[in-house]
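What you see is a predicted model, and the numbers here were worked out from it, not measured in a lab. Heads up: numbering here begins at 1 and tracks the sequence.
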Amino acid sequence: MEMNHVLIVEDDKEIREGVEIYLKSQGYEVFQAADGKEGLEVIEREDIHLAIVDVMMPRMDGITMVVRLREKHDFPVIMLSAKSEEVDKIMGLNIGADDYVTKPFTPMELLARVNSQLRRYRKFAEKLNAKEDSSNIHVIGGLEINEDTVEAAVDGEPVKLTPIEYKILLLLMKSPGRVFSAEEIYERVWNERAITTDTIMVHIRNIREKIEINPKEPKYLKVVWGVGYKIEKQA
C-alpha cells in the first residue's frame, strides 16, 4: 500500500518533532514546516495527503494558509488550536478545514483523527475516479449533482464543494423531501457513530452559501426545526 504523506505545520519544534515521531511509528511519511508560508512551499514540491496545521503561527498563520491551499488542493486538513472557544472551531471549518484538535492533545487522539480523515478522503477519491453508471445524475429544480464526475451545479453554473459537503448534499438529494437528523447525516457521511454533531450545522451553512441565491431564504436546503435537514422537492 502506498505510504501516506502527512505535513505538520507548527511553530513549536517540540510538538512538530513529537508528532512526527509518533506518525512515523505508524507508517506515515512526515514533512515539517514552522509556519504557513513554509507549509505552502512544502505542498508545492511534495505530494501531500493530509496536513495538520496550527492556528497561531508567525509569518503566516494557519487560517491564511488553509484559505490559500484550498484554492488548489482538496486533501484533508486538521487544525490545531490552543483555544477551546467555539469561534475557533467554526472559523476553521468555514475556511476549509475538515477537523480540529484542541491543545493539549494525546498522540492517540491525533492519530485517530488522521486515520479517519484519510479513510474518508480515500473513499471520496475512489468515487471520483470510478466510472460507474452514467445515469447517476440527480436533478432537483436548478440543482444538479453528478455522481460519476463528483460535481455539482446550480442553474448550470459549477459549484465547488469540499468532499464532506459533496457527500452531505448527495445524501440529501438522493431522498428529496426526506428529513435527515444531524445524527443520521453524521453517521452516514462519516461512517462512524455520532458522538457530536456540532460540525453538521457548519457544513450545512457552507453548502447553503454555495447553492442558494439567498441563503437566509433557502430554496433547496431547508431546516426542519428540532428534527433535521432536507432538500425541498421542486415543482
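- Under the 4.5 Å side-chain heavy-atom criterion for Ile, Leu, Val, Met, Phe, Trp and Tyr, Leu161 and Ile200 are members of the same hydrophobic cluster.
- In the hydrophobic cluster analysis, where Ile, Leu, Val, Met, Phe, Trp and Tyr join through side-chain heavy atoms closer than 4.5 angstrom, Ile63 is grouped apart from Leu80.
- Within a 6.0 Å sphere centred on NZ of Lys210, heavy atoms belonging to other residues, nucleotides or ligands number more than 12.
- Annotation: cation-pi pair Arg178/Phe180 present, NZ/CZ under 6.0 Å from the ring centroid and within 45° of its normal.
- Contact of the Glu10 side chain with the Val19 side chain is not registered, since no non-hydrogen atoms from C-beta on lie closer than 4.5 Å.
- Within the 4.5 Å cutoff, the side chain of Glu183 has no heavy atoms near those of the Arg193 side chain.
- The side-chain heavy atoms of Ile43 and Phe31, taken from C-beta on, include no pair separated by under 4.5 Å.
- In this structure, Glu109 and Val101 have side chains that are in contact, with non-hydrogen atoms separated by less than 4.5 Å.
- Linking ILVMFWY residues whenever their side-chain heavy atoms come closer than 4.5 Å, directly or via other members, places Met201 and Leu169 in the same cluster.
- Cluster membership for Met79 and Leu110, using ILVMFWY side-chain heavy atoms within less than 4.5 angstrom, is not shared.
- Taking the charged nitrogens against the carboxylate oxygens, Arg205 and Glu209 have no contact shorter than 4.0 Å, which rules out a salt bridge.
- In this structure the side chain of Leu50 reaches within 4.5 angstrom of the side chain of Val114, judged on heavy atoms.
- Under 4.0 Å is where a charged nitrogen must lie from a carboxylate oxygen, and between Glu147 and Lys174 at least one such pair does.
- One distance of note links CD1 of Ile15 with CD of Gln32; it measures 11.5 Å at 0.5 Å rounding.
- Each of Arg70, Arg113, Arg120 was compared with Asp98 under the salt bridge (charged side-chain N to carboxylate O under 4.0 Å, His left out) criterion, and only Arg70 meets it.
- With respect to Val9, the side chain to side chain contact (heavy atoms under 4.5 Å, CB included) criterion is satisfied by exactly one of Arg16, Glu38, Met57: Met57.
- Not one N or O on the side chain of Ser175 forms a donor-acceptor pair closer than 3.5 Å with the backbone of Leu172.
- Using a 4.5 Å heavy-atom cutoff, the side chains of Leu40 and Glu44 are not in contact.
- Checked by atom type and distance alone, the side chain of Glu212 pairs as donor or acceptor with a backbone atom of Tyr220 at under 3.5 Å.
- Side-chain contact between Asp74 and Tyr121 is present, with heavy atoms from C-beta onward closer than 4.5 Å.
- Proximity of Lys219 to Ile213: side-chain heavy atoms (C-beta onward) are nowhere separated by under 4.5 Å.
- Using a distance-only test at 3.5 Å, with no hydrogens or angles considered, a donor-acceptor pair links the side chain of Glu165 to the main chain of Thr162.
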Next item on the list: Show your working on salt bridge (charged side-chain N to carboxylate O under 4.0 Å, His left out) between Lys103 and Asp54 and close with a plain yes or no.
Entry: CA-CA 10 Å; Lys103 298 177 183 177; Asp54 188 29; 3.3 Å; yes
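- Ring geometry, Trp190 versus Tyr186: the interplanar angle falls under 30°, so the pair is classed parallel (tilted spans 30 to 60°).
- Side-chain rings of Tyr28 and His5 stay apart, their centers remaining 6.0 Å or farther from each other.
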